[in-house]
S.K.: 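The structure under discussion is supplied below as structure tokens; questions concerning it will follow.
In what follows, residues are counted from 1 in the order of the sequence shown.
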Amino acid sequence: MFGLKNDTVVSKYWFSGINDIKTVTIPKNGEKRLVLNYDQKIPEFNQRDNWKSLGGFFSGNKKLKFTFFRDSENPYYNQVFYVPILNFNIYDGWTPGMRLYNKTLLERPFVYDFAPSYSFRENAFVGSGRISYRKYLSKSGLYLANYSLGGSTYHFQENSRYSTITPSITFGWRPANLISNKREFLRFRYVNVLRDKAESLGDFETPPDYSILNVRYTSRNPGIINYVSWFADAQHASDFTKVAFELEYRKLFESNRQFNFRFYAGKFIRNKTTDYTDPNYYSFALDRPTDYLFDYGYLGRSEDSGIYSQQIIIAEGGFKSFLPQEYRFANDYLATINTSVNLWKWIEVYSDLGYVKNKGVNGKFVYNSGVRLNLLTDYFELYLPVYSNNGWEVSQPNYGEKIRFIVTVSPKTLIGLFTRKWF
């Protein structure tokens, strides 16, 4: 054990014969901190609990150090990592900010991550943040419990702000074979949404504030040759209860041809939202989810026309064509199948089939097909519809308005394209 005054070693002690707990007394030589294994001659994985301040609660055990970008952990400092960020949506515009976090290359129990930003278009502060505590329970089986509290605040229309506060608990399972990539998670979260709208835009068509309990069980085995992922999801709120299931499977053949299959089904157990002015806000969506939980990175989440309305996020129904309005939402149940196969490198063909059922009306079989240009997966993709319930779409006027795209301005998503399955 070393005694430090500022950064100078003023004392050093070696204790032996400790079988369980031993109390020792050392002379006072002006030490400000006591540190175990300061010279790191003993191999040790976790050095976070080796420091003890003698100067009171506010003096801190270790000094604070700001470091650019994420790095390996320095046991001599409390590190705060920072990196400039830049996000975009059409209501906030470009929002520069600074991300502050303490996550190192090796996992640590307590993690915080805050990203305050400034919207020049709205002249207001926006951003998101999260604190979490991770506890490892065992090497296999139920191995993880993660407790977190997250929040965000941005604009969803001009002069209209939304804020979310979400506490959650996640439990994780993994097999005894630690080489396996298979993971299973059970997540409980309580999403609280608060919305303020400009008076000039009129009243909300649904209650402005709401809370939803969301429970999801996820199983993932992200192999390179065979990728399998599925989840079972349940949501409960004051005016509705709904359940959903999704299965995704990808197969990579020796010829480098890849087949993609996705199945989605959702059903309302109860639904009182049909009395709202906007009865589809909480409905299952065929081609563009309303995202009432604010989970997706929409560039223009309130747009129903124009280029930003053509952004697609593969969720819920996963359809690419814009079908007639009476088929785009389901307030009873929805089931769809999405498939695709690549023809040559980044050129693929896709086909979607589904059944949409609303209360009080007959169900409807829906379908669409087309070409997918997978230029950069999850970063930039184009969907060109060819044939659907609308007929031959390529021969119809204003075809450019039917093209869907995936685009993201998040550097984190782009960096993720270069990671590998082991990381």
Side-chain angles (χ1 to χ4, degrees), residues 1-85 96-117 125 127-139 143-151 167 169-170 172 178 412 415 419 422-423:
M1 184 174 68
F2 295 80
L4 300 183
K5 183 177 181 180
N6 297 326
D7 292 328
T8 304
V9 176
V10 297
S11 61
K12 184 189 301 184
Y13 305 93
W14 178 266
F15 302 102
S16 60
I18 301 176
N19 297 321
D20 188 7
I21 297 177
K22 185 177 182 178
T23 302
V24 297
T25 302
I26 61 174
K28 199 169 187 179
N29 294 321
E31 297 94 337
K32 297 298 183 181
R33 295 176 178 84
L34 297 178
V35 186
L36 295 174
N37 195 25
Y38 181 71
D39 54 1
Q40 300 188 53
K41 289 187 176 180
I42 300 176
E44 192 175 12
F45 177 76
N46 181 15
Q47 303 181 49
R48 297 173 184 138
D49 56 356
N50 287 1
W51 294 67
K52 176 63 179 176
S53 173
L54 301 179
F57 178 79
F58 293 101
S59 63
N61 290 331
K62 292 184 285 187
K63 291 183 179 180
L64 189 65
K65 181 181 181 181
F66 288 88
T67 304
F68 178 71
F69 208 68
R70 183 165 62 173
D71 199 355
S72 59
E73 185 169 2
N74 189 330
Y76 306 130
Y77 296 95
N78 280 317
Q79 294 169 288
V80 178
F81 302 105
Y82 66 93
V83 60
I85 57 174
M98 187 69 67
R99 182 184 172 207
L100 305 170
Y101 59 102
N102 72 331
K103 186 176 181 180
T104 56
L105 296 177
L106 296 178
E107 294 287 354
R108 59 190 310 164
F110 177 75
V111 174
Y112 60 81
D113 194 336
F114 300 102
S117 305
F125 284 99
S128 62
R130 178 179 298 274
I131 58 175
S132 63
Y133 176 75
R134 173 175 292 191
K135 183 175 179 60
Y136 287 98
L137 306 175
S138 65
K139 293 183 178 180
Y143 80 104
L144 171 70
N146 190 70
Y147 311 87
S148 70
L149 176 65
I169 302 175
T170 304
L178 299 183
K412 182 178 180 181
I415 292 173
T419 61
W422 300 114
F423 293 91

S.K.: Just to verify, what does F125 make a ring pair (Phe, Tyr, Trp, His ring centres under 6.0 Å) with, not counting sequence neighbours?
M.R.: Y118
S.K.: Can you name the nearest heavy-atom pair linking E31 to Y13, along with the distance?
M.R.: OE2-OH, 4.2 Å
S.K.: What verdict does the side-chain contact (heavy atoms from CB on, under 4.5 Å) test give for V9 and D39, after you've listed the backbone C-alpha separation in whole Å, the side-chain angles of each residue and the deciding distance to 0.1 Å?
M.R.: CA-CA 10 Å; V9 176; D39 54 1; over 6 Å; no
S.K.: Not counting sequence neighbours, which residues clear side-chain contact (heavy atoms from CB on, under 4.5 Å) with I169? List them please.
M.R.: Y147, F171
S.K.: Minimum heavy-atom separation for G3 and L34, please, with both atom names.
M.R.: CA-CD2, 4.0 Å
S.K.: Any chance you could measure T67, atom OG1, to K65, atom NZ, to the nearest 0.5 Å?
M.R.: 5.0 Å
S.K.: Please report the interatomic distance OG(S128) to CZ(R99), rounded to the nearest 0.5 Å.
M.R.: 9.0 Å
S.K.: Identify, with sequence neighbours excluded, every residue that meets ring pair (Phe, Tyr, Trp, His ring centres under 6.0 Å) alongside Y82.
M.R.: F68
S.K.: Who are the side-chain hydrogen bond (donor to acceptor under 3.5 Å, both in side chains) partners of N102, not counting sequence neighbours?
M.R.: none
S.K.: What are the two closest heavy atoms between T104 and R108, and how far apart are they?
M.R.: CG2-NH1, 3.7 Å
S.K.: Sequence neighbours excluded and cut-off under 3.5 Å, please list the side-chain donor-acceptor pairs for residues 129-139, or say none.
M.R.:
residue : atom : partner : partner atom : Å
R130    : NH1  : S148    : OG           : 3.1
R134    : NH1  : E107    : OE1          : 3.3
R134    : NH1  : E107    : OE2          : 3.3
R134    : NH1  : Y136    : OH           : 3.2
S138    : OG   : S140    : O            : 2.5
S138    : OG   : L142    : O            : 3.1

S.K.: With sequence neighbours left out, what residues match F2 under ring pair (Phe, Tyr, Trp, His ring centres under 6.0 Å)?
M.R.: Y38
S.K.: Using every non-hydrogen atom in the two residues, find where N29 and S11 come nearest and quote the distance to one decimal.
M.R.: ND2-CB, 4.1 Å
